[in-house]
Amino acid sequence: NLTMALTAKSMPYKQNFGPFAPEVYRMPMSYPFRDGGQDGAAAAREAITRIEKQIGATSVAAILIEPIQGEGGFIVPAPGFLPALADWARANGVVFIADEVQTGFARTGDWFACAHEGVVPDIITMAKGIAGGMPLSAITGRADLMDAVHPGGLGGTYGGNPVACAAALAAIDAIREHDLTARARRIGEIASARLRALAQQVPAIGEVRGRGAMLALEFVRPGGTEPDAALTAAIAARCLEQGVLTLTCGTFGNVIRLLPPLVIGEDLLNDALDVVCTAIGDLSA
Ligand SMILES: *Cc1c(COP(=O)(O)O)cnc(C)c1O
């Protein structure tokens with residue numbers, strides 16, 4: 001119930017559920033494509049001012065943030081946004097929680113997305129890439145926070161499942177052994193070069209963004225920023241017909257995200273990009 005209270009996306013996550021826990025506030029996130037290219041410091045100031053005015057710093061238990069929004073549209077905040085927010089949290093005794101469930105484990109070209117800007121969260125949530133597909137999630141944090149809970153107070157039937165933990169250890173070894181953070185950066189270079197070149201010719205591509213192997217294309221009506229969800233869905237469907245799985249995301253359903261496996265070969269990656277680029281070219285013409 002609390003995680004449903006936390007998400008900002010009603011459909012499909014919280015529609016027809018509820019009532020939800022009160023006192024969860026949503027603050028504006030830096031979104032360079034849609035906030036007029038506001039710099040990170042200015043965007044953070046706006047969020048912080050709202051926190052101070054609407055809630056009051058001493059009443060805030062925690063800030064929970066995805067360092068790059070996943071479901072919300074692969075939104076990469078402007079540089080400086082995360083550090084400014086984290087600094088404010090530290091100065092005000094507010095726990096800074098990074099949800100790295102989607103960004104963690106090498107996806108963005110570092111072990112965790114917060115590391116790109118030297119941000120050290122008080123708590124990190126993780127899952128998805130942690131165990132190479134086996135069901136596992138984890139929460140780590142400052143000892144004084146984690147140890148505040150009595151033994152047995154944080155857990156469940158399947159917590160610490162030995163098979164899933166073994167899979168996680170193997171996945172972590174593989175990330176190290178194959179230097180998958182570097183691979184993620186390389187995937188990002190290859191894909192974003194091709195997608196940015198395509199964006200020069202396709203006015204429906206509002207923005208190509210992302211970090212490492214966490215990349216997205218935001219589709220708009222040419223000439224503006226009005227979201228084009230129909231085109232986005234059509235492109236995703238065409239890619240699927242051609243054997244390439246993409247996922248749509250974003251508040252307006254107008255973003256296609258690419259999450260290639262970090263071990264993908266460059267030939268296969270380029271094959272997939274051929275399909276994506278052709279689908280975009282054909283359907284936006
Ligand atoms: C998928 C996802 C979740 C949900 O994780 P579960 O382990 O399925 O609860 C939470 N946060 C982000 C950013 C995600 O991408």
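Each ligand, and each atom within it, is numbered from 1 in the order the structure gives. Quick caveat, the model's predicted, so the values are computed rather than measured.
Put simply, the side chain of Arg34 gets close to the backbone of Thr225: a donor and an acceptor are under 3.5 Å apart. Although no hydrogens or angles enter the test, the distance criterion places a donor-acceptor pair under 3.5 Å between the side chain of Asn161 and the main chain of Ala164.
Here the CD-CE distance, from Gln54 to Met27, works out to 4.5 Å after rounding to the nearest 0.5 Å. Atoms CZ and OG1, on Phe219 and Thr232 in that order, are 6.0 Å from each other to the nearest 0.5 Å.
Protein residues having a heavy atom under 4.0 Å from any atom of ligand 1 are Glu66, Asp99, Val101, Gln102, Ala127, Lys128, listed by chain and number.
Among residues two or more places apart in sequence or in another chain, the salt bridge (charged side-chain N to carboxylate O under 4.0 Å, His left out) test is passed with Glu266 by Arg183, Arg186.
Figure legend: cation-pi geometry between Lys128 and Phe105 absent, as NZ or CZ is not positioned both under 6.0 Å from the six-membered ring centre and within 45° of its axis.
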